[in-house]
J.: 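Mind looking over this structure? Questions follow.
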Amino acid sequence: MNITSIWNTAYPIIIAILFFELIIIIHEGGHFVAARLMKIKVNEFAIGMGPKLFSRTGKETTFSLRAIPFGGYCAMEGEDEESDDENAFINKKVRQRIFVVVAGAAMNLILGFVILFIMVSSGSLVGTTQIARFEDNAVSAQYGLEVGDVIKSIDGVRIYTPNDLSTAFTRSDDATVDMRVTRDGKELSLDVTFGTEEYEGRNYIIMDFWLLGEKKTVSNVIKATAYDFVSYSKTIFLSVHDMIVGKYGISDVSGPVGAVSIVSQAVKTSFSSMLRIMALLTINVGLFNLFPIPALDGWRLFILIGEGITGKKLPSKAEYLINAIGLIVLLGFMCVVTFSDITKLI
């Protein structure tokens, strides 16, 4: 294998790893900036995990670079223990602590919005949900769909963007879907059948029509970005719902290894594919961190909201124990998912 081949194999993986580290830096950076704004003492801000490669201590914070390029943290005084320091996290007002806790996820969501804005603004047209034309011998055209129809919903799920359309078709277990469209100012309900193709033991709908694109303006680019952001967020919640109801299993979930593989493949495919996956991942990290699961920011937010309502703090030992158990469960889940990822790649 020559140097060119090695580089062609390695650079997508390197980009994927760097992007994951960027997601974490943005997240922990959000906590750090918010903590400083609230005058909370930050003991260490670390990029990466494991042994320390380099560190520099500022006025009160040690900034460090660590050996393993996955992870990072913003260690605040009094974050997980009692402290007499008036600038400790635990001694600040509830609203100040909530601001710091939410800031990490908020920065991930902002990053996702920025990536989507780049995607929309760099495209030649802005996508719509209006049918522009059909493929030759399109099956759906035989079931009532027409050029000019604007798709409003599929199986009761509202459609705002082309991504909503793709998600709805992917989630459908049947080749026939209930579609609501507007035609000549009237809303119609149609039972439309599509062709399907099999992939990894499951049949997927073939979208046999093209959607209309609009010329870009400042207003429709911003509007499309906002709709895409909501659409990507909805896709994540629908995926969680489908896992809970048993539609998908552990083998369908990707951990760090699988995610790196997906991003690296997207890098090889096209710049737009890479941006799409990156946007989905950073929005996923932001939203998932807000779920009320022990060891995540969402659990701390849940506890703080409870403290704000009742005026009583959860004992530090109890919070530490709950977080420790949650962390063990999450790490165990990640181990199972990572093992599943590796077996798929072998």
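Side chains are part of it too, since the values below use all heavy atoms of this structure and drop only hydrogens, waters and symmetry mates. This structure is a prediction, so every number in the text was calculated from the model and none was measured.
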J.: Determine, using the 4.5 Å side-chain heavy-atom cutoff (strictly less than), whether F113 and L287 are members of one ILVMFWY cluster.
T.: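 F113 clusters together with L287.
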J.: Which value, rounded to the nearest 0.5 Å, describes the distance between C74 atom SG and R36 atom CZ?
T.: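 With rounding to 0.5 Å, SG (C74) is 9.5 Å from CZ (R36).
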J.: Check this for me: F117, atom CZ, are more than 12 non-hydrogen atoms of other residues, nucleotides or ligands nearer than 6.0 Å?
T.: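 Count not over threshold, so no.
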J.: Going by atom types alone, do N163 and S166 pair a side-chain donor with an acceptor below 3.5 Å?
T.: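 Absent: no donor and acceptor within the cut-off.
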J.: Under a single-linkage definition using a 4.5 Å side-chain heavy-atom cutoff for Ile, Leu, Val, Met, Phe, Trp and Tyr, are M207 and L238 assigned to the same hydrophobic cluster?
T.: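 No.
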J.: Anything under 30° is parallel, anything over 60° is perpendicular, the rest tilted; go ahead and classify F20 against F70.
T.: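 Taking F70 first and then F20, their aromatic rings sit tilted (interplane angle of 30° to 60°).
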J.: In the structure I gave you, are the side-chain heavy atoms of T161 and L165 within less than 4.5 Å of one another anywhere?
T.: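 No; the side chains remain at least 4.5 Å from each other.
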J.: I'd like to know if F237 and L290 are part of one continuous hydrophobic network [Ile/Leu/Val/Met/Phe/Trp/Tyr, side-chain heavy atoms within less than 4.5 Å].
T.: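 Looking at the clustering, F237 is in a separate group from L290.
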J.: Please tell me if the side chains of M274 and I15 come closer than 4.5 Å, counting only heavy atoms from C-beta onward.
T.: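 Yes, side chains in contact.
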J.: Any idea which heavy atoms bring I90 and S83 closest together, and the distance?
T.: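 Minimum heavy-atom separation between I90 and S83: CG2-N, 4.2 Å.
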J.: Contact between Q130 and D149 at the side-chain level, heavy atoms closer than 4.5 Å - yes or no?
T.: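 Q130 does not reach D149 side chain to side chain.
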J.: Under 3.5 Å, is there a donor on one side chain and an acceptor on the other for D164 and S231?
T.: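 There is such a pair (donor and acceptor under 3.5 Å, judged by atom type) between the side chains of D164 and S231.
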J.: Give me the atom names and distance for the closest heavy-atom approach of V177 to I205.
T.: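 Looks like CG1-CD1, 3.9 Å.
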J.: In Å and rounded to the nearest 0.5 Å, what is the CD1 to OG distance from I118 to S272?
T.: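 Rounded to the nearest 0.5 Å, the CD1-OG separation comes to 13.0 Å.
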J.: Looking at E86, I want to see if its CD is surrounded by more than 12 non-hydrogen atoms of other residues, nucleotides or ligands under 6.0 Å.
T.: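 Not buried by this count: 12 neighbours or fewer within 6.0 Å.
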J.: Write down the atom of L296, the atom of N289, and the distance for their closest heavy-atom approach.
T.: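 Looking at all heavy atoms of both residues, the closest pair is CB-O, 3.9 Å.
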J.: I'd like to know whether R276 forms a side chain to side chain contact (heavy atoms under 4.5 Å, CB included) with M119, so could you lay out the CA-CA distance, the side-chain angles of the two residues, the decisive distance to 0.1 Å, and finally the verdict.
T.: CA-CA 8 Å; R276 186 176 298 109; M119 285 175 55; 4.0 Å; yes
J.: Salt-bridged, E146 to R183, with N to O below 4.0 Å?
T.: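 Salt bridge: yes.
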J.: Give me the one residue out of H31, R66, E79, H27 that meets side-chain hydrogen bond (donor to acceptor under 3.5 Å, both in side chains) with Y73.
T.: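 Between Y73 and the candidates, side-chain hydrogen bond (donor to acceptor under 3.5 Å, both in side chains) is satisfied uniquely by R66.
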J.: Between the main-chain N or O of I25 and the side-chain N or O of E28, is there a donor-acceptor pair closer than 3.5 Å?
T.: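 Not at all, since once roles are kept as given, no pair shorter than 3.5 Å links the two residues.
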J.: Go through the side-chain N and O atoms of T167 and T235 and say whether any donor and acceptor fall under 3.5 Å apart.
T.: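 Yes, side-chain donor-acceptor contact under 3.5 Å.
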J.: Locate the shortest heavy-atom distance separating G144 from L190; write the atom from each residue and the value.
T.: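 G144 and L190 have their closest heavy atoms at O-CD1, 3.8 Å.
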J.: Minimum heavy-atom separation for G72 to I24, with atom names?
T.: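 Heavy-atom minimum between the residues: N-CG2, 3.7 Å.
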J.: Below 30° counts as parallel, above 60° as perpendicular, anything between as tilted: where do the rings of F209 and F194 land?
T.: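 Judged by the thresholds at 30° and 60°, the geometry between F209 and F194 is tilted.
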J.: Could you state the interatomic distance from CD1 (I131) to CG (L212), rounded to the nearest 0.5 Å?
T.: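 I131 atom CD1 to L212 atom CG measures 11.0 Å (nearest 0.5 Å).
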J.: Could you check whether F291 and F302 have their ring centres less than 6.0 Å apart?
T.: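 They do not qualify: ring centres at least 6.0 Å apart.
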J.: Hey, could you give me the CD1/NZ distance between I159 and K152, rounded to the nearest 0.5 Å?
T.: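 Taking CD1 in I159 and NZ in K152, the distance rounds to 11.0 Å.
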J.: I'd like to know if the side chain of S172 and the backbone of A168 have a donor-acceptor N/O pair within less than 3.5 Å.
T.: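 Answer holds: no.
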J.: Can you tell me if K313 has over 12 outside heavy atoms packed within less than 6.0 Å of its NZ?
T.: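 Enclosed: over 12 neighbouring heavy atoms sit under 6.0 Å from NZ of K313.
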J.: Looking just at side-chain N and O atoms, do T217 and S219 make a donor-acceptor pair shorter than 3.5 Å?
T.: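 S219 and T217 do have a side-chain donor-acceptor pair below 3.5 Å.
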J.: Are the side chains of E77 and I40 in touch, meaning some heavy atoms are under 4.5 Å apart?
T.: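 Side chain of E77 against side chain of I40, heavy atoms only: no contact under 4.5 Å found.
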J.: Looking at S121 and V221, what are the two nearest heavy atoms and their distance?
T.: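 Of all heavy-atom pairs spanning S121 and V221, the closest is CB-CG1, 4.1 Å.
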J.: Tell me, do I236 and L280 make a side-chain contact under 4.5 Å, heavy atoms counted?
T.: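 Touching, per the 4.5 Å side-chain cut-off.
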J.: Could you tell me if the side chain of V102 sits less than 4.5 Å from the side chain of D297, heavy atoms only?
T.: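 D297 vs V102: side chains apart.
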J.: Checking the side chain of K39 only, and the main-chain atoms of N87 only, is there a donor and an acceptor separated by less than 3.5 Å?
T.: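 The answer is no, because no donor-acceptor pair under 3.5 Å joins these two groups.
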J.: Do R158 and Y160 form a cation-pi contact, if we require the NZ or CZ to be under 6.0 Å from the six-membered ring centre and within 45 degrees of the ring's axis?
T.: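 Yes.
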J.: Taking atom CZ of R180 and atom CG of D155, what is their separation to the nearest 0.5 Å?
T.: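 The distance works out to 12.0 Å.
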J.: Within the side chain of D208, is there an N or O that forms a donor-acceptor pair under 3.5 Å with the backbone of S140?
T.: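 Yes; judged by distance alone, with no hydrogens or angles, the pair exists.
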J.: Can you check whether A295's main-chain N or O pairs, donor with acceptor, with N323's side chain at less than 3.5 Å?
T.: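 Side chain of N323 to backbone of A295: a pair is present.
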J.: Answer yes if L109 and L275 sit in the same cluster of Ile, Leu, Val, Met, Phe, Trp and Tyr residues linked by side chain heavy atoms under 4.5 Å apart, and no otherwise.
T.: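 As far as the 4.5 Å side-chain criterion goes, L275 and L109 are connected within one cluster.
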J.: Nearest 0.5 Å, what's the OG-CG distance between S64 and L53?
T.: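 The distance works out to 9.0 Å.
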J.: Side chains of F63 and T57, heavy atoms from C-beta outward: is any pair under 4.5 Å?
T.: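 Counting from C-beta outward, F63 and T57 never come under 4.5 Å.
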J.: Run the side chain to side chain contact (heavy atoms under 4.5 Å, CB included) test on L18 and L22 for me, step by step, so that the C-alpha distance in whole Å, both residues' side-chain angles and the decisive distance to 0.1 Å come before the verdict.
T.: CA-CA 6 Å; L18 290 176; L22 174 63; over 6 Å; no
J.: Are F32 and I110 in one and the same hydrophobic cluster, where Ile, Leu, Val, Met, Phe, Trp and Tyr link if side-chain heavy atoms are under 4.5 Å apart?
T.: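 No: no chain of side-chain contacts under 4.5 Å links F32 to I110.
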J.: Assess, by modelled atom type and distance only, whether the side chains of E44 and T61 contain a donor and an acceptor separated by less than 3.5 Å.
T.: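 Checked: E44/T61 side chains show no N/O donor-acceptor pair below 3.5 Å.
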J.: Should we say atom CZ of F169 is surrounded by more than 12 heavy atoms from elsewhere, each under 6.0 Å from it?
T.: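 Enclosed: over 12 neighbouring heavy atoms sit under 6.0 Å from CZ of F169.
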J.: Would you mind reporting whether N108 and I26 have side-chain heavy atoms less than 4.5 Å apart?
T.: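 Yes; the side chains approach each other to less than 4.5 Å.
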J.: Could you go step by step and tell me if E214 and L125 meet the side chain to side chain contact (heavy atoms under 4.5 Å, CB included) rule?
T.: CA-CA 5 Å; E214 296 179 339; L125 298 169; over 6 Å; no
J.: Counting N and O atoms only, with roles assigned by atom type, does the side chain of D178 sit under 3.5 Å from a partner on the main chain of I154, one being a donor and the other an acceptor?
T.: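 Side chain of D178 to backbone of I154: no pair is present.
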J.: For a side chain to side chain contact (heavy atoms under 4.5 Å, CB included) check, start with the C-alpha distance between V181 and L145, then their side-chain angles and the critical distance, and finish with the verdict.
T.: CA-CA 9 Å; V181 303; L145 279 183; 4.1 Å; yes
J.: Is the side chain of T196 donor-acceptor paired with the backbone N or O of Y204 at a distance under 3.5 Å, no angle test?
T.: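 Looks like no, no N/O pair under 3.5 Å.
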J.: Determine, step by step, whether K312 and E307 satisfy the salt bridge (charged side-chain N to carboxylate O under 4.0 Å, His left out) criterion, reporting the C-alpha distance in whole Å, the side-chain angles of both residues, the deciding distance to 0.1 Å, and the verdict.
T.: CA-CA 5 Å; K312 297 180 179 179; E307 181 183 333; over 6 Å; no
